[in-house]
Amino acid sequence: MPVARPETSDARVIAHVDMDCFYVQVEQRKQPELRGLPTAVVQYNEWQGGALIAVSYEARSCGVKRSMRGEEAKAACPEIQLVQVPVARGKADLNTYRSAGSEVVSILAQSGKCERASIDEVYLDLTDAAESMLADAPPEGLESIDEEALKSHILGMSREDGDDFKESVRDWICRKDADRRDKLLGCGIIIVAELRKQVLKETEFSCSAGIAHNKARSDFFSKLASGMNKPAQQTVVPYAAVEELLSSLPIKKMKQLGGKLGTSLQTDLGIDTVSDLLQFSETKLQEHYGINTGTWLWNIARGISGEEVQGRLLPKSHGSGKTFPGPRALRSLSNVQHWLNQLSEELYERLSSDLEQNKRIASTLTLHASAFRSKDSDSQKKFPSKSCPLRYGVTKIQEDAFNLFQAALREYMGPFGTKPQGNKKETWRITGLSVSASKIVDIPSGTSSIMRYFQSQSTIPSSSESGCPQEHVAMTPSASESCSEQKSAETEAAMPNKDISITDTSPDLDNSYGNMDMVPEKDASCQSSEAKEFPTQSGTQTKTIGRKINNSKEKNRGMPSIVDIFKNYNATPQSQQETREDSTVSLTSNRGNLSSSTNHSSEVNQEVEDRRETEWGYKVGEIDQSVFDELPYEIQREFRSFLRPNKRPNAGKSKGDGSASSSIAHYFSPLKR
DNA sequence: ACGGATACGACG
DNA sequence: TCGTCGTAT
C-alpha cells in the first residue's frame, strides 16, 4: 500500500524505463525471423491455446490483447506467431527473461542510481548526471542534439509534424530562460536517449522511458506514453505540466489505485477523477484511509512524490510456483510432494546462481498454497502460508517445503483433519503451490576461498545433493516414485504413514491440530542425537525443521541466526552495499566477473588465526551447529577451512598453485548433504 | 474454478 | 516477526 513519504526537495531527474513487450523481444532476439511479425508469448499451450503474457505491437494493432487465450488471438489475428514460454520441470521457466532483464539493468545501472522495479522495468535517478551535464556541457552549448532525443514527447507541447516538431523539442531542451528544473529534465532527455540507444545496441531490445522529477510522474507518464501503442518512445514531463494532464484522469488509472482502494475512492467518496480528488483536504483523506494512505493520496493527486530510487539491482526474493486450476487440482499428498519437489528444485537452482553470481544467501523459506474444500460450507477458507529458516540443499528445501505444507494443511483442515473413516468427499484440493526464498543478505566477499571456489567451479556440484544414504530413508516411497514420473496420483493409499515420518514435526503443531490420517505422524525411532561432527547432518537435519517452526514461536533461544551474523558483517565500516551497487554486481550471464575482487593466491598464506577472529566480524567457534547447518554448503566449507586448518594437506598447493581451491574442494571430499 | 508466475510493500 | 492482503505486470 502506498505510504506517505517525507518530502524531498524536488529538483531531481527520475527516469522510468520500461521494456517494450519484453518477453516477445526476448523471443524475437532468439528467433530473428519473428521480428516485425505479429507475435505473442504464450504459456501452457494445451488449454485453449495457452494464455498470452506478452504481445507485440504488430499483434496489438490487430486487436490482440494480453490475457487472451492463444485461440482467441489466432481468431483475432490469424497470422500471429505464438511462442511458448520455456518449460522446465513441468512448469513455466522464466529464467531466460530474468537474465535478459539483468542484461538491461547492468547497462542502465552505469549512469546513476538504479532500481530494478520488475523483470522489465527500472527507475533511474539521473540527477547527478543531469547536473554535471548542465554544468559542463549544457544542451544550449551543443551544436547538435541527438536525433533520438529530438523524438521525445514533451507533455503539454502540441505535436505538429516532422521537422517542425523536432525543432520545438530542440528549443525546449535548449531554452535558456527555462526553470532550472526543466533544464535538468532537458539533460535527462539527452541522457536517457543515449542510454536507450546503448541498450538497443548491446541487447537488441527496445524500450520506452518517462522522464520527470519524481518517481510517480515518470512512472505514470512512461505508461501513458506506451499506451500510445508505439514502442521505443520517450516522454518528458515538464515541471509545470502536471495539473492539466493529471486532473482529467480517471482515478482508477493511477498507479496503486487500480484496485480496491480506487474503488473505495469512487464508491465511498464519489471520486472519479484526479480533479475530484483534489477537492479533498488532506485531513479528510486521512480520516478515511489513515495517516499514511491519506497523505499519500493528497500528494499523488498533485503529482508529488518524495519516494527515492532505491539503489537495488537484484530481486529481494525468489519464488517458484504453479497453479493447478480446476480439474487439475492436487488431491493427494504424494502429488503435492512431487510438485513441491519440482518447485524446490527450481528454487534451489536460482538460489545457487544467486550465491554464485551475487554472493547472496537467502534465509527464509516460505510456502504458499491455495486450496479449496469440496462438500463443505466454508470451502473458501484461506490456506495459510508457513515459513521456516532456509537450509541450503535441494533435498533440504524439498523436505522443509513439504513439512511446511503439512503443517499448513493441518491448520487448514482444523478439526476436520481427523477423518472419521466415512465421508470421504470431505477433503482438500490444492489449486496452487509456491515456494519462495526471502531475506536475502550479502555474504562477505572479501574472503578469498569463496571467490576461488567460484572461479574454479563455475557450477555447484549437484552430486553433493544426492547419494547420501540417509536421504533415501528420509524420502517417502511415494515421493521417490513421483520424482521420476508423475503417477496416477492416487498412490495416496499406498503411502505408509510411518515412512514419511522421519521428520520430527514440532510437538506444538502436532498437539494443537490432532491426528489426521493424511498427515503422517512423527516417528520417534528415527531421531538421532545432535551431531557433533560436521560431515553428518542427516538425522539431525530433518529434526531441525520441526524445531525451527517451533522455535519461532518460543523466541529463538538466544542463538545467533545466520541473518544476524551477516547483518553484523554487513554493518561493518567496509560498507559492502555501496561499492557493490556501483557496478560490481555480476548481474548476468557474465560469469567471469567475480575475478575482479581479491583472489591473489598469497592470501592463502595469511595467518588463519587472524582471519578466524576478525575477518568475519565474529568468532567462528561460537557458531552453533544448527546455525552452521543452515549455511550454503560452499560457505560451510569456507568455515571448515578456518576451523581445521591443519587438516588441509600441504600437497594442496603443489598442483599448479593459484588454484588452491580445487584442491580444497577435493580434500574436504564428498561431504554429502 | 483461471489471466500465470512472480514480486513488492503495508498492515495487524 | 510472521502471515495476510493488495497491487502490479
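Just so we're on the same page: letters track the sequence lines, and every chain starts at 1.
Contact check, A:Asn292 against B:dA10: no side-chain N or O comes under 4.0 Å of OP1 or OP2. The phosphate of B:dA1 has neither OP1 nor OP2 within less than 4.0 Å of any side-chain N or O from A:Arg429. Put simply, A:Arg66 has no side-chain N or O that comes within less than 4.0 Å of OP1 or OP2 on B:dA5. A sub-4.0 Å separation between OP1 or OP2 of B:dG9 and a side-chain N or O of A:Lys316 is present. OP1 or OP2 of B:dA5 has not a single side-chain nitrogen or oxygen of A:Arg98 nearer than 4.0 Å. For A:Lys439 and C:dC2, the shortest distance from a side-chain N or O to OP1 or OP2 is below 4.0 Å. For the pair A:Lys255 and B:dC8, the criterion of a side-chain N or O lying under 4.0 Å from OP1 or OP2 is not met. Proximity of A:Tyr23 to the phosphate of C:dT9: no side-chain N or O atom is located under 4.0 Å from OP1 or OP2. For A:Thr431 and B:dA1, the shortest distance from a side-chain N or O to OP1 or OP2 is not below 4.0 Å.
Of the listed nucleotides (C:dG6, C:dA8, B:dG4), C:dA8 has the atom at the smallest distance from the side chain of A:Gln256. Among the nucleotides B:dT6, C:dG3, B:dC11, the one closest to the side chain of A:Arg350 is B:dT6. Listed candidates were B:dA1, C:dT4, C:dC5. Nearest to the side chain of A:Lys382 is C:dC5. Here the nucleotide nearest the side chain of A:Lys386, chosen from C:dG3, B:dA1, C:dT4, is C:dG3.
One interatomic measurement links the two molecules: CG of A:Leu343 to P of B:dG4, which rounds to 16 Å at whole-angstrom precision. Taking atom CZ of A:Arg116 as the reference point, atom C1' of C:dA8 lies 14 Å away to the nearest angstrom. Here C:dC5 presents its C1' atom at 8 Å from NZ of A:Lys260, a figure rounded to the nearest Å. Atom NE2 of A:His318 is separated from atom P of B:dA7 by 8 Å (rounded to the nearest Å). What separates CD of A:Glu411 from P of C:dG3 is a distance of 8 Å, to the nearest Å. The CG atom of A:Leu261 sits 17 Å away from the P atom of C:dC5 (whole-angstrom rounding). The distance between atom CD of A:Gln342 and atom C1' of B:dA5, rounded to the nearest whole Å, is 17 Å. C:dT4 atom P lies 11 Å from atom CG of A:Leu367, rounded to whole Å.
Under the 30°/60° scheme for interplanar angles, the aromatic rings of A:Tyr392 and A:Tyr348 are found to stand perpendicular. The aromatic rings of A:Trp339 and A:Phe324 sit tilted relative to each other, their planes meeting at an angle between 30° and 60°.
Both A:Phe324 and A:Ser317 lie near DNA chain B, and the one whose nearest nucleotide falls closer to the 5' end is A:Phe324. Annotation: of the two residues near DNA chain B, A:Glu346 and A:Arg69, the 5′-most nearest-nucleotide partner is A:Arg69.
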Exercise for the section: Show your working on ring-ring contact (aromatic ring centres under 6.0 Å, His included) between A:Phe205 and A:Phe22 and close with a plain yes or no. Expected result: CA-CA 8 Å; A:Phe205 299 140; A:Phe22 189 46; 5.3 Å; yes
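Counting non-hydrogen atoms under 4.0 angstrom, A:Ser118 reaches nothing in the nucleic acid. Looking at heavy-atom distances under 4.0 Å, A:Ser320 makes contact with sugar-phosphate atoms alone, never a base.
The ring pair (Phe, Tyr, Trp, His ring centres under 6.0 Å) test with A:Tyr412 singles out one residue from A:Phe405, A:Phe372, A:Phe383, and that residue is A:Phe383.
Counted within 6.0 Å of NZ on A:Lys30, heavy atoms from surrounding residues, nucleotides or ligands total more than 12; the atom is thus considered enclosed.
A salt bridge does not link A:Glu121 to A:Lys215: none of the charged side-chain nitrogens sits closer than 4.0 Å to a carboxylate oxygen.
At least one side-chain heavy atom of A:Leu261 sits less than 4.5 Å from a side-chain heavy atom of A:Thr293.
The partner of C:dA8, taking Watson-Crick or G-U wobble pairs whose two distances both stay under 3.5 Å, is B:dT6.
The gap from the C1' atom of B:dA1 to that of C:dT9 amounts to 23 Å, rounded to the nearest Å.
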